[in-house]
Amino acid sequence: MTQRPSIAFAKFSAPRNGTVFVLSADEGGLSDAAKACDPGKTLGRAFPVAEFTGKFASTVEILAPEGTSLDRLVAIGVGKVSGLDEYAWLRLGGTIAASLRKATDVAVVLDVVGASPSGKDAASLAAGILLRSYSFDKYKTRKDKDDAEPKKPVKVTIHTSAPAAAKKAFTDAEAVIDGVLLARDLVNEPANVLGPVEFAARAKELEALGVKVEILAEKEMKKLGMGSLLGVAQGSPRGARMAIMQWNGGKPKDSPVAFVGKGVTFDTGGNSMKPASGMEDMKGDMGGAAAVTGLMHALAARKAKANVVGIIGLVENAVDGHAQRPGDIVTSMSGQTIEILNTDAEGRLVLADALWYCNDRFQPKFMVNLATLTGAIMVALGQHHAGLFSNNDELAERLTAAGQATQERLWRMPLGAEYDKLIDSKNADMKNIGGRYGGAIIAAQFLQRFVKETPWAHLDIAGTAMGSPSNEINQSWGSGFGVRLLDRLVRDNYEQ
């Protein structure tokens, strides 16, 4: 794997060696601290030649700048200072990371004309550097000659007016980033390496952070009556697991908040088999479970003052003589029966038992489930928003606000009795698909039958958790979508 940059914070000083990044506002030019790094005024001469005006994320680079012993001097445009919110600082950090190249000693002068970047801003910039620096290359054995020897990890020092505050803020930010990177790792792993048993073992590792983790195997789930989840798993020799993760950082008697993730470690579609083209991407059909696991890591690592439950249902949807068939009827843990009309509508079957178990055992304040559930949500929203379905306006509004703050954006979709009746079955209590239209809504209606009156939200992250468009803070196939969003939801609304 690519070596992770080390991050430090220091008071302003003019760096004498290595690579230096300075910031330039739109039409505001360079600050005095930035100018001190460029005694030869090379950037001032380069800006008009490069038609550089400080536009956001634009760059100008000078090699071996005159009058210094620096290797490189790079100016990064920050745009209008009025737009420098948390996400902008993340993106600027990502822009810096993309420009590091082979540098090992890097300084960032965090000073902008017309702005006063805080310690929190510095921490966000550092977080963006870490997010963009991630790559998943652990299985590449052939390296270029230049990469034959292990490279020294890059050391990034961020010069700021508030280094102590930046260091404190970065402690929390780094905990969340580690959760995002864990989720990315899980989504990127091939299915032959990461099956239900192996995923459960990864969840178990969170005990090192103080998370209480229980693992249910098929025997325990069968005893609990989880026929819906186990029906999906019965075609695979790799078994099924459910991981129950508890972080108890709040008051002992407080009800927890709960997050539930779909963890289909590979989805062939079962007997309703998917087309061969693109099926390799179905190693990522556990993006919801990855997000919940990454979230639990983030909350525990930053010692969140809340009681939180994370539950992930882990199965492989495979095809063999034991796999469930279209027309089969299974009995869920709730006692409700389900007619299986399409074995590729399997994620909702896993979540049905996981949601019921979560609600029955923990009686949480609310439940949020995440799932790469339907292609239909991508038809509706593309890949820049996840679908939000909810039975509770307050929860939906808080999720939407958290999505705006983190730019892991959500768009609320409808629920209603008209859609719900489309999954009524002549042969069982319900069927697992409806008609041709409204597929993402029908999937959400199915899930709603397993939450009773508990405030609940379903996030369909099929377009955002894997294969989403690259941006300044993510170049990976697995994005880790949901970790920052849900950490913000908890942080802003449910911590003491």
Side-chain angles (χ1 to χ4, degrees), residues 1-2 4 130-131 133-140 174-209 211 213 215 233 236 238-245 247 259-267 280-301 308 310-317 347 350-351 354 368-373 386 408 459-468 473-487:
M1 301 287 282
T2 303
R4 177 182 179 131
L130 294 184
L131 286 169
S133 298
Y134 173 90
S135 68
F136 188 80
D137 57 6
K138 66 187 285 188
Y139 296 106
K140 289 187 176 183
E174 189 174 25
V176 179
I177 297 313
D178 285 342
V180 175
L181 302 189
L182 171 59
R184 288 182 184 176
D185 278 346
L186 291 168
V187 172
N188 284 325
E189 282 285 0
N192 62 315
V193 173
L194 191 77
V197 174
E198 294 82 8
F199 199 134
R202 293 292 295 271
K204 192 74 171 172
E205 292 174 4
L206 295 182
E207 289 182 333
L209 293 174
V211 180
V213 183
I215 307 296
S236 171
R238 303 186 74 178
R241 295 290 185 271
M242 180 176 285
I244 301 103
M245 300 166 278
W247 170 252
F259 301 94
V260 179
K262 169 190 171 183
V264 179
T265 59
F266 194 81
D267 181 20
E280 67 275 7
D281 288 349
M282 289 300 99
K283 70 175 187 176
D285 207 17
M286 30 58 72
V292 171
T293 306
L295 172 67
M296 297 304 293
H297 183 288
L299 295 173
V308 184
I311 294 179
I312 53 177
L314 303 169
V315 301
E316 182 177 68
N317 189 22
V350 173
L351 288 170
V368 175
N369 73 255
L370 300 89
T372 50
L373 208 61
E408 292 193 332
L459 307 184
D460 193 334
I461 60 173
T464 55
M466 55 181 177
S468 55
I473 62 173
N474 182 44
Q475 299 291 302
S476 166
W477 183 76
S479 67
F481 182 96
V483 176
R484 293 190 301 112
L485 163 73
L486 297 179
D487 174 78

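Along the sequence shown, residues are numbered consecutively beginning with 1. Quick caveat, the model's predicted, so the values are computed rather than measured.
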### Task
Please test Met245 against Ile311 for side chain to side chain contact (heavy atoms under 4.5 Å, CB included), starting from the C-alpha separation and ending with a verdict.
CA-CA 6 Å; Met245 300 166 278; Ile311 294 179; over 6 Å; no
### Query
Which of these passes side-chain contact (heavy atoms from CB on, under 4.5 Å) with Phe259: Ile312, Asn369, Leu459, Val368?
Val368
Expected list for residues 288-298: side-chain donor-acceptor pairs under 3.5 angstrom, two or more places apart:
from: Thr293; atom 1: OG1; to: Ala289; atom 2: O; distance (Å): 2.8

### Message
Using the side-chain hydrogen bond (donor to acceptor under 3.5 Å, both in side chains) criterion, which residues pair with Thr464? Sequence neighbours excluded.
### Response
none
### Message
Show the nearest heavy-atom pair for residues Val260 and Ala354, with the distance to one decimal.
### Response
CG1-CB, 3.7 Å
#### Entry: side-chain contact (heavy atoms from CB on, under 4.5 Å) partners for Ser479, two or more places apart
Ser468, Asn474, Phe481
### Message
Main chain of Val187, side chain of Lys283: is a donor-acceptor contact present, judged purely on distance under 3.5 Å?
### Response
no
### Query
Is the side chain of Lys204 donor-acceptor paired with the backbone N or O of Val213 at a distance under 3.5 Å, no angle test?
yes
#### Entry: Pairs meeting criterion salt bridge (Lys or Arg N to Asp or Glu O under 4.0 Å) with involvement of residues 174-183, two or more places apart
Arg4-Glu174, Arg4-Asp178
#### Entry: Asp285 and Thr265: side chain donor to acceptor below 3.5 Å
no
### Query
Among all residues two or more places apart in sequence or in another chain, which pass the side-chain hydrogen bond (donor to acceptor under 3.5 Å, both in side chains) test with Asn317?
Asp267
### Message
For a 4.5 angstrom cut-off between non-hydrogen side-chain atoms, does Leu370 reach Lys262?
### Response
no
### Task
Identify the two heavy atoms, one from Asp281 and one from Trp477, that lie closest to each other, and give their separation to 0.1 Å.
O-CH2, 3.3 Å
### Message
Apply side chain to side chain contact (heavy atoms under 4.5 Å, CB included) to residues Phe136 and Glu189 and explain how you reach the verdict.
### Response
CA-CA 9 Å; Phe136 188 80; Glu189 282 285 0; 3.9 Å; yes
### Message
The criterion is salt bridge (Lys or Arg N to Asp or Glu O under 4.0 Å); which residues satisfy it with Asp487, sequence neighbours excluded?
### Response
Arg302, Arg491
### Message
Could you report the tightest heavy-atom contact between Trp247 and Leu209, atom names first, then the distance?
### Response
CZ3-O, 3.7 Å
### Query
With sequence neighbours excluded, what pairs up with Glu408 under the side-chain hydrogen bond (donor to acceptor under 3.5 Å, both in side chains) test?
none
Name every donor-acceptor pair, under 3.5 Å, that has one atom in a side chain of residues 190-203 and the other anywhere in the protein, sequence neighbours excluded.
from: Glu198; atom 1: OE1; to: Gly195; atom 2: N; distance (Å): 2.9
from: Glu198; atom 1: OE1; to: Arg238; atom 2: NH2; distance (Å): 3.4

#### Entry: Residues Met282, Glu316; criterion side chain to side chain contact (heavy atoms under 4.5 Å, CB included); working and verdict
CA-CA 10 Å; Met282 289 300 99; Glu316 182 177 68; over 6 Å; no
#### Entry: Straight-line distance of Asp460 CG to Thr372 OG1, nearest 0.5 Å
8.0 Å
### Task
Supply the atom-to-atom distance Leu299 CG to Leu486 CG, rounded to the nearest 0.5 angstrom.
9.0 Å
### Side-chain donor-acceptor pair present, Asn188, Tyr139, cut-off under 3.5 Å
no
### Message
Apply side chain to side chain contact (heavy atoms under 4.5 Å, CB included) to residues Met242 and Ile215 and explain how you reach the verdict.
### Response
CA-CA 6 Å; Met242 180 176 285; Ile215 307 296; over 6 Å; no
### Query
Does any N or O in the side chain of Arg184 come within less than 3.5 Å of the main-chain N or O of Leu131, such that one atom is a donor and the other an acceptor?
yes
### Task
Not counting sequence neighbours, which residues clear side-chain hydrogen bond (donor to acceptor under 3.5 Å, both in side chains) with Glu280? List them please.
none
#### Entry: Set of residues satisfying salt bridge (Lys or Arg N to Asp or Glu O under 4.0 Å) with respect to Arg241, sequence neighbours excluded
Glu218
